[in-house]
Amino acid sequence: VTPNLDLSVDLCGVRLRTPVLAASGCFGFGREMAGWVDLAAIGGIVTKSVSLEPRRGRPTPRMAETPSGMLNAIGLQNPGVEAFCAGDLRFLADPGVALVEVNLSCPNVEHRGEVFATDPGAAAEVVAAVRRATGTPVLAKLTADVTDLVAVARAVVDAGADGLTLINTLLGMAVDTKRRRPRLAAVTGGLSGPAIRPVAVRCVWQVAQALPGVPIVGTGGVVSGEDAAEFLLVGATAVAVGTGSFVNPRAVVEVADGLERYLAAQGASCAAELPALFKAER
Amino acid sequence: MSPVRELCEVLERRRVGAYHALTLVAPGIAGGARPGQFVHVLAGEDRSFPLRRPFSIHRVERPGAALGSVEIVFDVVGAGTLALSRLRPHDVVDVLGPLGRPFDPPEEPAGCLLVGGGYGTAPLFFLATELRVRRCRVDFVIGAATAGRLLDAMEAKRLGHSLTVTTDDGSAGRRGLVTGPLPGLLAGTGAARVYACGPMPMLAAVSRVAAAAGVPCQVAVEEQMACGTGICFSCVLPVGDPAGGDGGAGPGPTRMARSCLEGPVFDGAAVAWAELEPVP
């Protein structure tokens, strides 16, 4: 621990111990990781998406390794909100749910490519409904698979989102050439991992420029402290580690440790100082 | 025992018939590993961000006079196993383990029939060793496409009371599938348990034969996997209550169970084999 260095951040009025969260869909419901990570010591856990009814998910194969990343088509397998509240939430939620992330952008459900977050109107409608239902701060998770991300971001912020999570997986496809068929049973899937990090950093940069003051959680291929710093420098308040946890179950902890070393090396006393240190011109 | 992450030195890499065997110094994993569990191996750390590869544990040397090691067996089928096949002694690999639910040995000494296909036979040697210590009778049935793809028949002969070999092309043992001699062996040995590991269609067929004979059957499945720790939901397969089926056509209503956490060892009667995608 570096003296005079405070790793904690304020995200939508919620104080997080570190700016490094576990990303949705990449940390189960938290309980699975209790043997690997001190859950109370990390920035936060975004659970796997929970739907009203239980979802069985998609058939296998659900995963395909690709250059510097992977494709997945899990299809939001989850036990439904009732079972979640009776089970995993009780294990996790002490002192309670601090933030709600609305997944507007999973590419692996029906009507793929027509997710809420590809349409500013539909995305805003969903966020407004969530806003009416809860006083808890709301993050809207968006996709980069759009021509005008800023327009969608502006629409969900106007509809009441307190912050944004950028980005979800990118819609992709891989082919088994030997067997001449898609590698995923669902044909297409979401691309994640370091392969998408430059796209994610660009998205955070564009939205942070257009909507200054809107808290952003940057996610996409974060596997080291330097990766996290890229997002924070261009305007993210926090980052979420996703696919990195699949390879290194302690990635969420190690990214925060690496970020702390980075801040110390840069002479910063907290993560919130990073955007001011960023030089937009080369 | 809870799993750990270890940086493991390669002790030895050798050829076992058509396959490769890799012995890794892994005191933290070897101490508590049980037959049927697996290790999740990352070959090298490079900029291309490879995913880990799961392998069932073939052999364990418990920590004692030496540090403790685990051995895996694999076939070169893609980039990950190719990288593993090129490791040399003293190279270091990043390993998670022991992971998953192990085989459940019988409470009392009992006859056990161990059925393996191809390199899927690997965990059955570790299991046979444990069963022998528990004074169980162990009979082996191992099969493969050809004689060259049988895994360590000599070792099976040494560990088992009997060994039956089958090959698809008849180049060794009986021509045909491992399920061919199973009914006769179940009757002849009076086995009270069947343990199987190999390709999914083989596990489905072995489960059916065991169920028809009324013998409990545990299978270790091989599913494609990303995390190995229960968080990615890639390695699922449909399982249900074995008693919930309608007249032996499979279990009752199913759910998608993660083979890294609830498996890789499952009750063969709980898996809805008919719902699985056919493997070409």
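A, B, ... follow the sequence lines: proteins, then strands. Residue 1 opens every chain. Values below: all heavy atoms of this structure, side chains included; hydrogens, waters and symmetry mates excluded.
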Subject >> Note, A:E65 side chain near B:R53 side chain (heavy atom, < 4.5 Å) >> reply: yes
**OP:** Evaluate the side-chain proximity of A:R62 to B:Q224: yes if any heavy-atom separation is below 4.5 Å, no if none is.
**Re:** no
**OP:** Against chain B, work out which of A:K48, A:R31, A:M70 has the most heavy-atom pairs shorter than 4.5 Å and name it.
**Re:** A:K48
Subject >> Which portion of B:L237 sits near chain A, non-hydrogen atoms under 4.5 angstrom >> reply: neither
Original post:
Heavy-atom distance under 4.5 Å between the side chains of B:P238 and A:R56, does that happen here?
Top reply: yes
Original post:
Hey, are the side chains of A:T243 and B:F49 touching, using non-hydrogen atoms and a 4.5 Å cut-off?
Top reply: yes
Subject >> For chain A, the option from B:G228, B:G230, B:A79 that forms the most heavy-atom pairs under 4.5 Å >> reply: B:G230
Original post:
For the side chain of A:E32 and the backbone of B:T229, is there at least one donor-acceptor N/O pair under 3.5 Å apart?
Top reply: no
**OP:** Calculate, to the nearest 0.5 Å, the distance between atoms CZ and SG belonging to A:F27 and B:C232 respectively.
**Re:** 13.5 Å
Original post:
Considering only heavy atoms, which portion of A:T66 lies under 4.5 Å from any heavy atom of chain B: side chain, backbone, both, or neither?
Top reply: neither
Original post:
Are A:F246 and B:S234 side-chain neighbours, meaning at least one heavy-atom pair lies under 4.5 Å?
Top reply: no
Subject >> A:P249 and B:L96, any side-chain heavy atoms less than 4.5 Å apart >> reply: yes
Original post:
Who among A:V223, A:N72, A:N248 has the most heavy-atom pairs with chain B under 4.5 Å?
Top reply: A:N248
